[in-house]
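Before any comments, here is the structure.
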Amino acid sequence: MLQTLKNAWKIKDLRKKILFTAFVVFIFRMGHFIPVPNINADALKSLANSQTLIGFYDLISGGAFGNFSIFAMGVVPYINASIIMQLMTVIIPYLEQLSKEGQDGRAKIQNITRYAAIAIGAVQAYGTYVIIYNAGAVEKDTPLNTVLIIMTLIASSTFLMWLGDQITEKGIGSGVSVLIFVNILSRFPTLMYQVYALYTGKNIDIVMLALFVIVVALMFVGVTGFSLGERRIPVQYAGRVVGTKQYKGQSTHIPVGISSSAVISIIFAMSVMQFPATLAQFFPNVAWIKWLTEGAYSPFKTNTIIYALIYAVLVLFFSWFYTNITFKPDEMAENMAKSGGYVAGIRPGVATAKYLERILDRVSIVGGIFAAAIAIFPIVLEGYTSFKGLAFGGTMLFIMIGVAMDTMKQLESQLVMRHYQGFLK
């Protein structure tokens, strides 16, 4: 990887892209230190460190919510809009047709996603204001101050969406993903300080510290391996004549990533399990919501065995669900038949679709089990060990490793075009 970066730095065009990306990241991180006016950030510390959706948003915003800077919402509205558009593409025929129209269709979907992100950002900004107001963090309760806070959050979220597009067009990597990667990476010093404080405070001993480091290292290796792992479906293409050209038969494969839906499945499952806790931030005095979040027999009470089991099952379900939505075995079989492709020993058409569906089910279950194990690790850590209140989650490993690998592959492809050898050699 270091050799890839070294080779990329030697090329003028790639060097400009790397420097541009670094400059945008610098501007992005500077915004984390510009506070929203008339907000008492100290009142939000407990919310930011909680095992709720708000705590997760604080994680991917790089602590901006805890400090309530202008980037407190981060790129979360854009992420939500992207997920919704992916699901709507399956449901709405017009969007499905656009997705099949190549680059132009994808560009139209992307524009719709941007506008949807602004609308979602407006709703989320108001919801964020209600949460911080209930937490007692708003110092001036006036209509003008309310409008100022909400407009600041909407404008900054839209600006971050624009920054991400600039990185995608003129820099290295997928822009929004790079911003999330930088935010998560910025949390590591805080994590190390928290572990150090637990050690110096005699809450953990050297043996527990060593075990924690070993387990995290194993998780890192495991996530990397699963991110690289794929199930290759062999496909044969028969020779054919198109016009005056004759094409020879060839063998290829369709790669299916084992952990391709890990992050999305964890986010979906987390959203379901943390929905009552999020409602409690809006309606803190409603009795039935209190029971859902604090009741002894409630399945939504965090850091319990029932909560962890339901969470794991939901991760497994959403992994299977999202994999089948993304790959669409019926459509894959149809496209293969149109191109003269077939799987050896499997009849084209319905039989191929069922074969692909069985493979996707197996891959999604294996990936879902691993994602569930990573997802419930922070719950086990918080509820049954002495490592309390750590800003650590398995999702951050999936996101960081996935973004890093995607960025390096983009650099690798650029280097291959210029006859360089990179880390995939």
Step by step, would you call Ser265 with Val315 a side chain to side chain contact (heavy atoms under 4.5 Å, CB included)?
-> CA-CA 5 Å; Ser265 62; Val315 171; 3.8 Å; yes
Checking side chain to side chain contact (heavy atoms under 4.5 Å, CB included) for the pair Met408/Leu411: CA distance, chi angles, key distance, verdict?
-> CA-CA 5 Å; Met408 294 309 298; Leu411 276 176; 4.2 Å; yes
When you look at Asp361 and Trp320, which way does the side chain to side chain contact (heavy atoms under 4.5 Å, CB included) test go after all the steps?
-> CA-CA 6 Å; Asp361 288 343; Trp320 167 82; 2.7 Å; yes
Leu95/Leu98 under side chain to side chain contact (heavy atoms under 4.5 Å, CB included): CA gap, chis, key distance, verdict = CA-CA 5 Å; Leu95 295 177; Leu98 283 179; 4.2 Å; yes
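Under the 3.5 Å distance criterion, the side-chain polar atoms of Asn335 are matched with a main-chain donor or acceptor of Glu331. Of the possible polar contacts, one joining the Thr142 side chain to the Asn145 backbone as a donor-acceptor pair under 3.5 Å is found. With hydrogens and angles disregarded, no donor-acceptor distance shorter than 3.5 Å links the side chain of Asn38 to the backbone of Lys140. Although no hydrogens or angles enter the test, the distance criterion places no donor-acceptor pair under 3.5 Å between the side chain of Thr113 and the main chain of Ala81. In this structure, the side chain of Ser186 engages the main chain of Asn183 through a donor-acceptor pair within 3.5 Å.
Leu160 approaches Leu179 most closely through the heavy-atom pair O-CD1, 3.7 Å. Summarising the geometry of Met73 relative to Leu153, their closest heavy-atom pair is CE-O, 3.5 Å, with the distance given to 0.1 Å. Annotation for Tyr311 and Ala375: closest pair CE2-O, 3.8 Å, computed over non-hydrogen atoms. Nearest heavy atom pair, residue Leu360 against residue Pro329, reads CD1-CD, 3.9 Å. For Val195 against Ile204, the heavy-atom pair with the smallest separation is O-CD1, 4.1 Å. Taking all atoms of both residues into account, the shortest heavy-atom contact from Ser227 to Ile401 is OG-CG2, 4.0 Å.
Leu218 pairs with exactly one of Ile214, Val221, Val215 by the side chain to side chain contact (heavy atoms under 4.5 Å, CB included) rule, that one being Ile214.
Within the 4.5 Å cutoff, the side chain of Tyr322 has no heavy atoms near those of the Ile83 side chain. By the 4.5 Å heavy-atom criterion applied to side chains, Leu198 and Met208 are not counted as neighbours.
Relative orientation of the Phe71 and Phe28 rings is parallel, given thresholds of 30° and 60° on the angle between their planes. The aromatic rings of Phe226 and Phe370 sit parallel, their planes meeting at an angle under 30°, below the 60° perpendicular limit. Relative ring orientation between Phe387 and Phe212 is described as parallel, the plane-to-plane angle staying below 30° on a 0-90° scale split at 30° and 60°.
Partners of Asp165 under the salt bridge (Lys or Arg N to Asp or Glu O under 4.0 Å) rule, at least two apart in sequence or in another chain, are Arg114.
The environment of CG in Leu87 is crowded: more than 12 heavy-atom neighbours from other residues, nucleotides or ligands sit within 6.0 Å.
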